[in-house]
Protein chains: 2
Amino acid sequence: MPDMPPLGDTGLAFVRHDHSHCAKDTLARADALSNARGARMTPVRRRTLEILLESHKAMGAYDVLERLVADGFGNQPPVAYRALEFLVEQGLAHRIRRLNAFAACMHPGEAHVPVFLICTSCQLVAEAPADDVRGAMDAAAASIGFVIERTNVEAVGRCPACRGNRACR
Amino acid sequence: MPDMPPLGDTGLAFVRHDHSHCAKDTLARADALSNARGARMTPVRRRTLEILLESHKAMGAYDVLERLVADGFGNQPPVAYRALEFLVEQGLAHRIRRLNAFAACMHPGEAHVPVFLICTSCQLVAEAPADDVRGAMDAAAASIGFVIERTNVEAVGRCPACRGNRACR
DNA sequence: GTTGACTTGTTATGCTATAACATACGATAT
DNA sequence: ATATCGTATGTTATAGCATAACAAGTCAAC
Ligand SMILES: [Zn+2]
Ligand SMILES: [Zn+2]
Ligand SMILES: [Zn+2]
Ligand SMILES: [Zn+2]
């Protein structure tokens, strides 16, 4: 694969790339990770992850549900919410609170602080590497004796492609 | 005021302090700011800010609404949402997405990147100063050509008081 | 006093999320 | 084998969050 970005594939979402390979690879890593942990990657859960991996956009639970229904799974909200909850717990997906939506994790198994860059034009969501963001937050918190357990760090703005295009996609 | 924290009152929410003074002062600054800008601080809007300022907790729109109703304002959701929207636009309140709730800004008029520390035990929310958090985010974004417009940075964890108490408050 | 911009009230609806219970499945132990 | 137990899924019902759209009131400028 000659014109793929290097392994530090930050912001891959905003770069033209072989997404089918990208998705397949991430799914494989997720499977391996689940196996190694003894977590049960059941059909609904795996299908839910596949659906999230179809694009670098975030999906609402009800959108995921629609897709699951089409595949013959139960058609009530808990079906989607439970599968998504499992994926989030396993670090295979992230919840994007700003969008009330979920996105597949592009770095499953790698220790990383998810920082999301959300393009307001094309709706793509990239997971940026920002370990120093977490460092800065820990420092600020520590200065007042607060101990951080979990974080949500999200930013909306415009991706390189959309800033280039007048009309955007 | 001898035992008040110094002006860099970060994490004030987690420190015992003269909150009535804290609230009155913040409200006064908000009023001044609105005046200076020609923004219309109408009765509902001002009352909404007062309600948010009653504590350092975040409040859901429907909780705010209940209070507004008790004061004789309209009792439909848009009444609360519109007032809250105004306050957020004017930088007098912040939306805490993780909680689907709103909190008064404790630094109105000061340029600041809101970083919220949310205690899972006592529900208090502090606005920490973390300009280097924004710096780190901008750097990460810039490295892939993304331009950040707005951010949500939130952390849940435990505040100093709650870590000290076995049973918490 | 009429116009026009803005604010508030009100109706109605849509979207997001979870509690609670029933059923099915799969592994383990007797 | 079959009883048992934990886990996963299906299903019903409801709770919680948010906004569109229109009507009615307010206020200042012309
Ligand atoms: Zn991809
Ligand atoms: Zn991730
Ligand atoms: Zn205070
Ligand atoms: Zn603030």
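Excluded from the calculations below are hydrogen atoms, water molecules and symmetry mates; all remaining heavy atoms, backbone and side chain alike, are included. Just so we're on the same page: letters track the sequence lines, and every chain starts at 1.
- Side-chain N/O atoms of B:Tyr81 and base N/O atoms of D:dA20 include no donor-acceptor pair closer than 3.5 Å.
- Phosphate contact (OP1/OP2 of D:dA18, side-chain N/O of B:Asn100, threshold under 4.0 Å): present.
- Side-chain atoms of B:His19 come within 3.5 Å of backbone atoms of B:Leu53 as a donor-acceptor pair (strictly under, hydrogens ignored).
- If you measure from atom CZ of A:Arg47 to atom C1' of D:dT9, you get 18 Å, rounded to the nearest angstrom.
- For the contact set between residues 49-61 of chain A and DNA chain C, defined by any heavy atom under 4.0 Å, there are no members.
- Look at A:Glu50 and A:Arg47 and you find a salt bridge, because one of the NZ, NE, NH1 or NH2 atoms lies within 4.0 Å of a carboxylate O, short of that distance.
- Every residue meeting the side chain to side chain donor-acceptor pair (under 3.5 Å) condition with B:Arg67, not counting sequence neighbours, appears here in chain and number order: B:Glu54.
- Under the side chain to side chain contact (heavy atoms under 4.5 Å, CB included) criterion, B:Pro77 pairs with B:Tyr62, B:Leu65, B:Tyr81, sequence neighbours left out.
- Rounded to whole Å, the distance from CD on A:Glu85 to P on D:dT9 is 12 Å.
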Just list the side-chain donor-acceptor pairs under 3.5 Å for residues 31-40 of chain A, sequence neighbours left out, or say none.
unit_1: A:Asp31; atom_1: OD1; unit_2: A:Arg46; atom_2: NE; d: 3.1
unit_1: A:Asp31; atom_1: OD2; unit_2: A:Arg46; atom_2: NE; d: 3.0
unit_1: A:Asp31; atom_1: OD2; unit_2: A:Arg46; atom_2: NH2; d: 2.6
unit_1: A:Ser34; atom_1: OG; unit_2: A:Ala30; atom_2: O; d: 3.0
unit_1: A:Arg37; atom_1: NH1; unit_2: A:Gln90; atom_2: O; d: 2.8
unit_1: A:Arg37; atom_1: NH1; unit_2: A:Gln90; atom_2: OE1; d: 3.0

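- Separating the CE atom of A:Met41 from the P atom of D:dT9 is a distance of 11 Å, rounded to the nearest angstrom.
- The interatomic distance linking A:Leu99 (CG) with D:dA18 (P) rounds to 14 Å, in whole Å.
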Take nucleotides 22-30 of chain D nucleotide by nucleotide from the 5' end and write B, S or -, depending on whether a protein heavy atom sits under 4.0 Å from the base, only from the sugar-phosphate, or from neither. ---------
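- Judged as a ring-ring contact (aromatic ring centres under 6.0 Å, His included), not a single pair has a partner in residues 34-55 of chain A (not counting sequence neighbours).
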In a table with atom names and distances, give each donor-acceptor pair under 3.5 Å that connects a side chain of residues 138-155 of chain B to protein atoms at least two apart or in another chain.
unit_1: B:Asp138; atom_1: OD1; unit_2: B:Arg134; atom_2: NE; d: 3.0
unit_1: B:Asp138; atom_1: OD2; unit_2: B:Arg134; atom_2: NE; d: 3.1
unit_1: B:Ser143; atom_1: OG; unit_2: B:Ala140; atom_2: O; d: 2.7
unit_1: B:Asn152; atom_1: OD1; unit_2: A:Arg98; atom_2: NH1; d: 2.6
unit_1: B:Glu154; atom_1: OE1; unit_2: B:Arg98; atom_2: N; d: 2.9
unit_1: B:Glu154; atom_1: OE2; unit_2: B:Arg97; atom_2: N; d: 2.9

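- Within the 4.0 angstrom heavy-atom criterion, only backbone atoms of the sugar-phosphate kind lie near B:Val44; the bases stay farther away.
- Per the geometry, OH belonging to A:Tyr62 stands 14 Å off P belonging to D:dC17, to the nearest Å.
- Nearer the 5' end of DNA chain C, as judged by each residue's closest nucleotide, is the contact made by B:Gln76, out of A:Asp63 and B:Gln76.
- Here B:Asp25 pairs with B:His21, B:Arg29 under the side chain to side chain contact (heavy atoms under 4.5 Å, CB included) rule; sequence neighbours left out.
- The CD-C1' distance, from A:Glu89 to D:dT7, rounds to 13 Å in whole Å.
- Taking B:Ala93 as the reference, B:Leu52, B:Leu87, B:Val88 meet the side chain to side chain contact (heavy atoms under 4.5 Å, CB included) condition, with sequence neighbours excluded.
- For A:Asp63, the side chain to side chain donor-acceptor pair (under 3.5 Å) criterion is met by no residue, not counting sequence neighbours.
- Bracketed by its first and final contacts, the part of DNA chain C lying under 4.0 Å from non-hydrogen atoms of chain B reaches from C:dC6 to C:dT11 in 5' to 3' order.
- Using a 4.5 Å heavy-atom threshold, the side chains of B:Glu127 and B:Val115 count as separate.
- The A:Phe73 side chain lies nearest to D:dG10 when the options are D:dA20, D:dG10, D:dT12.
- Residue pairs meeting the ring-ring contact (aromatic ring centres under 6.0 Å, His included) criterion with at least one member in residues 111-143 of chain B, sequence neighbours excluded: B:His94-B:His112, B:His94-B:Phe116, B:His107-B:His112.
- Among the atoms of the strands shown, none is found under 4.0 Å from any heavy atom of B:Arg97.
- Place A:Pro77 and A:Thr42 on DNA chain D by their nearest nucleotides, and A:Thr42 ends up nearer the 5' end.
- Residues B:Asn75 and B:Arg45 each lie close to DNA chain C; by heavy-atom proximity, the contact nearer the 5' end of the strand is made by B:Arg45.
- The separation between A:Leu65 atom CG and D:dG10 atom P is 11 Å, rounded to whole Å.
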